[in-house]
Amino acid sequence: AEFVHVTYLAHGKPGTDWLKKANGIAVGLTVGSWTDLPAARKGAMQKHLGHVADVKELGTTANGLEKALLTIAYPTINFTPDIPALLTSVFGKLSMDGMIRLVDIELPPQFASRFPGPKFGIEGLRETLNAYDRPLLMSIFKSVIGYDTETLAEHFYQQALGGVDLVKDDEIFFDETYAPFEKRIAACRAAAERAQQETGKFTLYAANLTGPVTEIFEKARRAVDAGASALLLNVLTFGYDVLQRLAEDPRINVPIMAHPALAGALYPSEQYGVAANVLLGQLMRIAGADIGLYPSAYGSVALERGETLKIAQALTEPRGDLKRAIPVPSAGIHPGLVPYLYRDLGNDQIINAGGGVHGHPGGSAAGGRAFVAAIDAVVGGKTLSEAAETSQELKTALELWGNPSEK
Ligand SMILES: CCCC(=O)/C(O)=C/OP(=O)(O)O
Ligand SMILES: [Mg+2]
């Protein structure tokens, strides 16, 4: 028999009987009640019974509460191998039952093997881009709503000229009236080919997958047929299972990028919700994200650095034959932050910026070039100031947004 081990951080009044609370969860979320079960039923129900794997009391908090880590083992025969079943079973009703936060899920090998994981992973993405031994670079269409296909294709061209490896739609790009999905994909592919003539590099385009879930799979297949080179999905709003089924579809043979939109409703609280490394690391990876975005520790919607490192670890740590998903610390990123990002994650990351590219006084292409110079610098062991001596674009970017790592 296999068990999923789920660890919760629970807060409670002084004197809480944590073993009793843990037992209540283990039984309540599996067989419902044990003591009231007739003896005849107990035999049949035994294999469905959850149990307490560990209880670690952590003492008292500043505001007088007690806290403890409770690890419960759930028989995997209780649920089907998909994330809706897993999350509903281990943190459905329980998530609404007081101060309790899901902080870790450990899947046993057989159960874990039922999830697709990344189709490309870091290695596959590098092969697709022919880009090795350096962080990848991505820019984001900024402001995108209301632009027509031709304008977006020109914006794509400018970003590609700047040397970015990928361009992504902003996650808020839903209304495609002015830039129909397949038309936009074809136009951006043409723009990528045009830029490639000048840069020698083919820039991928991650088009935002939108629309009713009843149509999203066919839409994704049409996107690939139309020349899509990557797809973006707002996983929390569409659902992890949509991500998993896209990743499992052999016809959707392009990297899938997971956006964290809405995650901030779940991860911040110390006493409630779901830890970011589970939400934006582990679950995204097992469901099949090749590319995992999350708030960086340095930008505009910052996450605490330790949290960001845990997300990156969940996306990349060795886990059986699961491919590694590439971490993309995002939001408010500008070239001056590249040394911090490189110190944290080294080469295996995508450096991702919208405003930090398009806000460059020299325009989007110059914004991309500033990042390329910054990445070359950190990979080559140079400071940004040294690199700025031979890159006007980087010099301008550092003057505008700062060079905090050399303060
Ligand atoms: C964490 C997601 C970041 C995001 O979606 C986004 O659009 C960032 O844009 P900038 O902050 O780089 O302009
Ligand atoms: Mg965005």
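Order of listing sets the numbers, starting from 1, for every ligand and every atom in it. The figures that follow rest on heavy atoms only: side chains count, while hydrogens, waters and symmetry mates do not.
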Please confirm whether Phe156 and Tyr205 have ring centers closer than 6.0 angstrom. yes

What is the nearest protein non-hydrogen atom to atom 13 (O) of ligand 1, stated with its residue, atom name and distance? Gly355 N, 2.7 Å

Can you find an N/O atom of Glu171 closer than 3.5 Å to an N/O atom of ligand 1? yes

Check whether any N or O atom of Asp170, backbone or side chain, sits under 3.5 Å from an N or O atom of ligand 1, and answer yes or no. yes

Looking at Lys395 and Glu389, does any basic side-chain N land under 4.0 Å from a carboxylate oxygen? no

From Lys142, Met138, His334, Lys168 - option closest to atom 7 (O) of ligand 1 by heavy atom: Lys142

Quick check: of its N, O or S atoms, which one does Asp170 have closest to the Mg ion (ligand 2)? OD1

With heavy-atom distances below 4.5 Å as the criterion, would you say the side chains of Lys142 and Asp170 are in contact? yes

If we ignore angles and hydrogens, is there a donor and acceptor under 3.5 Å between the side chains of Gln159 and Ser139? yes

Are any of the N/O atoms in Gly354 less than 3.5 Å from those in ligand 1? yes

Run the contact test for His259 against ligand 1 with a 4.0 Å cut-off on heavy atoms, strictly below, and give the result. yes

Examine ligand 1 and decide if any of its atoms is less than 4.0 Å from a heavy atom belonging to Ile140. yes

Subset of ligand 1 atoms that lie under 4.0 Å from at least one heavy atom of Ala353: 12 (O)

Nearest heavy-atom pair of Ala387 and Leu394: which atoms, and what distance? CB-CD2, 3.7 Å

Mark the output for Gly356 as yes if a heavy-atom distance to ligand 1 is under 4.0 Å, and as no if none is. no

Charged N to carboxylate O under 4.0 angstrom, Arg134 versus Asp165? yes

Name of the Glu171 atom (N/O/S only) found closest to the Mg ion (ligand 2): OE1

Pairing of Lys382 and Asp376 as salt bridge, 4.0 angstrom limit: no

Any carboxylate oxygen within less than 4.0 angstrom of a Lys/Arg side-chain nitrogen, looking at Asp348 and Arg126? yes

Please report the closest heavy-atom contact between Leu236 and Tyr240, naming both atoms and the distance. CD1-OH, 3.9 Å

Could you tell me whether Pro260 and ligand 1 have an N or O pair separated by under 3.5 Å? no

Write out the residue and atom name of the closest protein heavy atom to atom 11 (O) of ligand 1, then the distance separating them to 0.1 Å. Gly332 N, 2.8 Å

I need the nearest protein heavy-atom contact for atom 1 (C) of ligand 1: residue, atom name and distance, please. Ser330 CB, 3.8 Å

